[in-house]
Amino acid sequence: MYLYLPVALTSINILVPVGLGLAVGLLSGLFGVGGGFLMTPLLIMFGIPSTVAAATDSNQIVAASTSGTYAHWKVGNVDFKMGLYLLAGGFLGGIVGVQGIKLLHAMGNADFVIKMTYVLMLGIVGVYMFIESLQSMKKKKNTVVEEAKEEKESAMGRFLKSLPLQTRFEKSGITHSIFVPIVLGGFVGILAAIMGVGGGFLMVPIMVYMLRMPMHVVVGTSLFQILFTCIEVTFLQAYTNHSVDFILAVLLLLGSTVGAQVGAVFGRKLKADQLKILLAGIVLAVTVKIIFELTLTPSLLLSQAGGH
Amino acid sequence: MHIHLHSLIIHYARFIGSTRFLGTLLLMLVFSLFQLVAAKPASAMLTAKANHDHITIDFFYHGSSVSVRGESDPNVDLVIKITSPEGHQVLKQKGKVGGMLWMNVGQLKFENTPNFYEVFSTKKIDDILSREEMEKYTIGYTALQKHVEVTPVANEEEKTKWFSEFVRFKEDSKVYATSFGKIETTMNKDGRQDYYILTDWPYQAQPGDYLVSVYAVKNGKVVEQAETKVNVEQVGMVKTLATMAKNNAAFYGFLSIGVALGAGFGVSLVFRKGGGAH
């Protein structure tokens with residue numbers, strides 16, 4: 001059955017957005033990512049204008065991350081305190097990132113920088129997570145090597161401990177200076193604004209490897225943080241660009257809210273390393289897809305302006 | 001004497017009144033005769049009528065079909081052009097960076113371009129119309145290219161390249177098309193030619209007014225022209241939502257967020273109940 005979308009000004013088979021929502025919602029509940037890096041290009045592929053695709057996806061993520069946050073909170077896997085510090089940093093970073101984009105546009109090579117940042121970030125995150133989780137799966141049997149690694153990293157740990165305003169994050173069982181999540185959140189905020197994505201795929205590894213939070217708390221906390229970012233983005237897109245398609249968002253969230261719940265339940269059955277290696281696999285697949293897009297001659301040399 | 005004068009004046013007034021009446025009658029007669037002539041086409045009159053001239057877009061709209069029919073002189077070729085009003089369009093332009101990476105390298109502005117452009121003809125337009133006539137009536141992509149302004153392009157060669165990319169982009173979204181041989185023609189009993197075309201109306205065509213121009217062509221020239229209109233309009237909830245998104249953006253934004261939050265919580269509660277049994 002087809003439905004007409006009043007803002008996208010196109011007609012779509014309802015199975016497409018519901019199915020996409022289900023799949024991306026599942027990933028969201030599993031890994032704590034918004035899934036914009038998958039959903040937006042898929043929507044464009046199905047004929048949705050790029051600006052509407054990005055804006056409507058953030059609307060949909062509000063629903064999926066509410067559903068996912070709730071499911072993770074129920075089993076005690078959301079560190080609200082950490083989430084709020086990251087959010088504060090992300091908000092500041094977003095402001096800097098938007099100015100950065102203006103500067104890039106003024107310099108005239110914005111698209112090149114944006115694309116390269118995207119590919120590099122995805123590639124680095126994917127490769128690092130893949131190798132790390134593969135090694136840690138092997139090392140489970142060899143505890144001696146693991147201890148040696150922990151010692152090596154204590155230099156970085158000592159530096160972080162020396163920062164002022166140390167505070168305890170109970171849920172994650174870690175202690176950090178409040179500047180650590182604010183600065184890291186800010187870093188993700190800048191990159192996310194430049195790349196025009198939510199940044200979940202960056203936030204998750206940062207929480208795992210730099211903040212040293214347990215994987216299952218990472219997923220819940222990331223979703224909590226994404227929820228607020230996407231509420232803000234949805235409102236700005238609706239208010240300034242008129243590009244949120246309500247009907248498309250409803251169709252997507254029909255699938256994604258259910259997908260997020262299933263993902264959260266399924267995720268509890270998987271080990272942290274299994275989750276990390278799966279996410280790494282998806283990030284790497286997207287990287288490869290973008291590299292193909294960049295190198296193969298496109299079928300059309302013109303596209304709708306606006307959006308990215 | 002006085003009475004006589006009075007009756008004379010009355011008589012005169014009556015006379016004037018009756019001539020006025022007669023004049024009005026005559027005028028009406030001429031007018032209705034004219035109307036009669038206009039309604040019944042003379043032998044050199046081309047007619048055009050779109051059967052489905054008001055297309056409404058509701059939730060279940062997935063495109064439509066439009067048929068155009070009419071009468072023409074026998075032995076003429078026909079060209080039917082359907083266009084939206086002209087405007088300017090800005091599109092992102094892809095190019096190779098560093099000799100190997102494809103990305104957006106800038107924007108191109110296309111002025112005097114319709115968003116929608118379809119041309120149907122009885123025969124290949126190059127075979128039935130001279131170049132001058134095609135340009136005069138903007139019939140066919142070559143004529144449209146001449147009519148359109150593309151910026152920034154360095155020379156005519158570049159304009160041709162990017163205009164053909166523009167046409168490919170538009171054809172891909174089903175809003176540009178040219179074809180020949182789809183118009184059916186038959187001779188009617190009055191010795192005139194009936195023509196008919198049924199064409200798919202793409203759902204990608206945006207709401208608005210569309211002009212259907214029919215040209216009768218003979219010896220490489222347009223000899224007659226007729227016009228009709230097709231209106232595409234959003235109705236009901238589709239219209240309400242589209243209008244709200246534009247005119248009441250803040251409320252629309254809050255509504256979208258509210259529904260998303262509600263759905264997220266709603267589904268969570270359903271799952272909690274469902275999962276509670278385990």
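Here is how names work: the chains are called A, B, and so on, in the same order as the sequence lines, proteins then strands, and each is numbered from 1.
Closest of all the heavy-atom pairs between Ala249(B) and Ala238(A) is CB-O, 3.5 Å. Summarising the geometry of Gln304(A) relative to Lys92(B), their closest heavy-atom pair is O-CE, 3.4 Å, with the distance given to 0.1 Å.
Both the backbone and the side chain of Phe166(B) come within contact range of chain A, judged by heavy atoms closer than 4.5 Å. Heavy atoms closer than 4.5 Å to chain A are found in both the backbone and the side chain of Asn104(B). When heavy atoms are compared at a cutoff of 4.5 Å, Pro207(B) approaches chain A solely by way of its side chain, counted from C-beta outward. At a 4.5 Å heavy-atom cutoff, Asn248(B) makes no contact with chain A through either its backbone or its side chain. At a 4.5 Å heavy-atom cutoff, the contact between Leu108(B) and chain A is made by side-chain atoms alone.
Although no hydrogens or angles enter the test, the distance criterion places no donor-acceptor pair under 3.5 Å between the side chain of Arg168(B) and the main chain of Leu301(A). A donor-acceptor contact shorter than 3.5 Å is absent between the side chain of Tyr70(A) and the backbone of Gly266(B). Between the side chain of His62(B) and the main chain of Tyr2(A), no donor-acceptor pair closer than 3.5 Å is present.
No side-chain N or O of Gln204(B) forms a donor-acceptor pair with one of Thr10(A) less than 3.5 Å apart.
Side-chain rings of Tyr203(B) and Tyr4(A) stay apart, their centers remaining 6.0 Å or farther from each other.
Contacts from residues 131-146 of chain B to chain A, taken as heavy-atom pairs separated by less than 4.5 Å, involve no residues at all. Contacts with chain A (heavy atom to heavy atom, under 4.5 Å) involve these residues of residues 230-240 of chain B, listed by number: Gln234(B), Val238(B).
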- Determine, step by step, whether Phe235(A) and Phe254(B) satisfy the ring pair (Phe, Tyr, Trp, His ring centres under 6.0 Å) criterion, reporting the C-alpha distance in whole Å, the side-chain angles of both residues, the deciding distance to 0.1 Å, and the verdict. CA-CA 7 Å; Phe235(A) 185 77; Phe254(B) 285 128; 4.8 Å; yes
